[in-house]
Amino acid sequence: MGRDVIVACDFSGKEEVVRFLEQFRDRKPFVKIGMELFYAEGPDIVRTIKSMGHKIFLDLKLHDIPNTVKKSMAVLSRLQVDMCNVHAAGTKAMMQAAMEGLKTAEGERPLLIAVTQLTSTGEAIMQQELLIGHPIDETVMHYARNTMQSGLDGVVCSPLEAGKVHEACGAGFLTITPGVRFADGDVGDQKRVTTPARAKELGSDFIVVGRPITQAEDPVAAYLRCVEEFIG
Ligand code: C5P
């Protein structure tokens, strides 16, 4: 699967997301379904969006004991999504179990990636509340290496970290990067942002873009602008 733009469909219900996606006629975006939509609508939302011709990143960030994650991944695998994820904090044993759960008899499986540290967790909270006594950059890189050693395909990270992750984990290890904004767009609540073109230069494999596309006056044009800048 080559470099691509993933549209974060952070809508609260099926009607809204279907109305949004119906605007895309020629080129069907890779779609990210998050917890809110999945918990509201259940697995059917995946089938609905798949039947409209979209690839799907199911962003449920599993984190539990290895056996539970393995069995849950086996269930998600049957939905035939293209990408799904876990928390690297769940340990290597959990990540390996997740991978086992995903593999089907035919050998096909979705890409499996891990979240390192959530960007909502700053260094002070990580050190003082979670008692992880290392600098946050070191922790993120350590979790990325754990992910690679567990046989997963990549991590979610900032585009600004993509180069370092590739250095540590190899060029083929995927970086999936949110925090993307157009040069002339609203930053919103994202702190450290880059443009699609800059994310490409920095080596991101997939950019995850939400509001710059979902809230645009012309979402199809905004999506195509992202594709043009990021893929060329
Ligand atoms: O609207 P916006 O482009 O900020 O959406 C970014 C998407 O990426 C959202 O679905 C958000 O939850 C997700 N995300 C993020 N930062 C992370 C992990 C995920 O913004 N570190």
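Index from 1, following the sequence. We count ligands from 1, going down the list as the structure has it; atoms in each ligand are counted the same way.
Ranking the protein heavy atoms by distance from atom 12 (O) of ligand 1 puts Lys32 NZ, 4.3 Å first. Remark: minimum distance from atom 6 (C) of ligand 1 to any protein heavy atom is reached at Gln190 NE2, 3.8 Å. The closest protein non-hydrogen atom to atom 8 (O) of ligand 1 is Pro178 CB, 3.5 Å.
With Gly210, Gly185, Gly179, Gly188 as candidates, the residue nearest to atom 5 (O) of ligand 1 on a non-hydrogen basis is Gly210.
For ligand 1 and Pro212, the ligand atoms under 4.0 Å from any heavy atom of the residue are 3 (O). Near Asp10, the atoms of ligand 1 lying under 4.0 angstrom from a non-hydrogen atom of the residue are 9 (C), 10 (O). Close approach of ligand 1 to Ala8 (heavy-atom distance below 4.0 Å) involves ligand atoms 7 (C), 10 (O). Atom numbering of ligand 1 starts at 1 in the shown order; those under 4.0 Å from a heavy atom of Arg211 are 1 (O), 2 (P), 3 (O), 4 (O).
The local environment of NE2 in His142 is sparse, with at most 12 non-hydrogen atoms from other residues, nucleotides or ligands closer than 6.0 Å.
At a heavy-atom cutoff of 4.0 Å, ligand 1 is contacted by no atom of Ser120, backbone or side chain.
Using the six-membered ring where Trp is involved, Phe20 and Phe11 have ring planes that are tilted, between 30° and 60° apart. Using bins of under 30°, 30° to 60° and over 60° for the plane-to-plane angle, the ring pair Tyr223/Phe24 lands in the perpendicular bin.
Where the criterion is an N or O separation shorter than 3.5 Å, residue side chain and backbone included, Asp189 fails it with respect to ligand 1.
The two residues Gly53 and Lys28 make their nearest non-hydrogen contact at O-CB, 3.6 Å.
For the pair Arg181 and ligand 1, a heavy-atom separation below 4.0 Å is found. Not a single heavy atom of Leu118 sits under 4.0 Å from any atom of ligand 1.
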